[in-house]
**Student:** 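I am attaching a structure below and will ask some questions about it afterwards.
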Amino acid sequence: MKYNLSYEMNEESVNNCVEEIFKFILTEGFDWLEHWMHPVRLLNEEKSPINRIKTDYLNFQSGGIKKEDLNLSRMLLGIKE
């Protein structure tokens, strides 16, 4: 199925785009989330969306996160200690 996610700067066009995004989420997004919410798949499948950050993720899961990385994340997200 193809989705038309383009829009122009008018209400009808933006509303049509929002409807297309909604269709995409219903037909593609939920299945994608359901597939990748399983840690075994997320960590082991070749096409996992976290392959490029897997080592960092595993370090985080085991409590091996660096204090400076945690502080930087908090600062960027505006989280107070």
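Owing to the predicted nature of the structure, the values given are computational and were not obtained by experimental measurement.
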**Student:** Mind listing the closest non-hydrogen atom pair of Tyr7 and Met9 along with its distance?
**Tutor:** CE1-SD, 4.0 Å
**Student:** Taking all heavy atoms of Trp36 and all of Arg41, pick out the closest pair and write down the distance.
**Tutor:** CZ3-O, 3.5 Å
**Student:** Once rounded to the nearest 0.5 Å, what's the spacing between atom NE2 of His35 and atom CG of Asp31?
**Tutor:** 10.5 Å
**Student:** How long is the straight-line distance from CG of Leu72 back to CG of Leu77, given to the nearest 0.5 Å?
**Tutor:** 9.0 Å
**Student:** Should the heavy atoms of other residues, nucleotides or ligands under 6.0 Å from NZ of Lys54 be counted, would the total exceed 12?
**Tutor:** yes
**Student:** Taking atom CZ of Phe22 as the centre, does the number of heavy atoms from other residues, nucleotides or ligands within less than 6.0 Å exceed 12?
**Tutor:** no
**Student:** Can you see which heavy atom on Leu5 is nearest to which on Glu20, and at what distance?
**Tutor:** CD2-CB, 3.8 Å
**Student:** Taking a hydrophobic cluster as the set of Ile, Leu, Val, Met, Phe, Trp and Tyr residues connected by side-chain heavy atoms closer than 4.5 Å, whether directly or through intermediates, do Leu33 and Phe24 fall within one such cluster?
**Tutor:** no
**Student:** CD/Glu19 to CG/Asn4 distance, rounded to the nearest 0.5 angstrom?
**Tutor:** 11.5 Å
**Student:** Minimum heavy-atom separation for Val14 to Glu8, with atom names?
**Tutor:** CG2-O, 3.6 Å
**Student:** Leu42 and Ile50: which non-hydrogen atoms are nearest, and at how many Å?
**Tutor:** O-CG1, 3.5 Å
**Student:** For the residue pair Cys17 and Ser6, what are the closest heavy atoms and their distance?
**Tutor:** CB-O, 4.0 Å
**Student:** Take a 6.0 Å sphere around CD of Glu34 and say whether it holds more than 12 heavy atoms from other residues, nucleotides or ligands.
**Tutor:** no
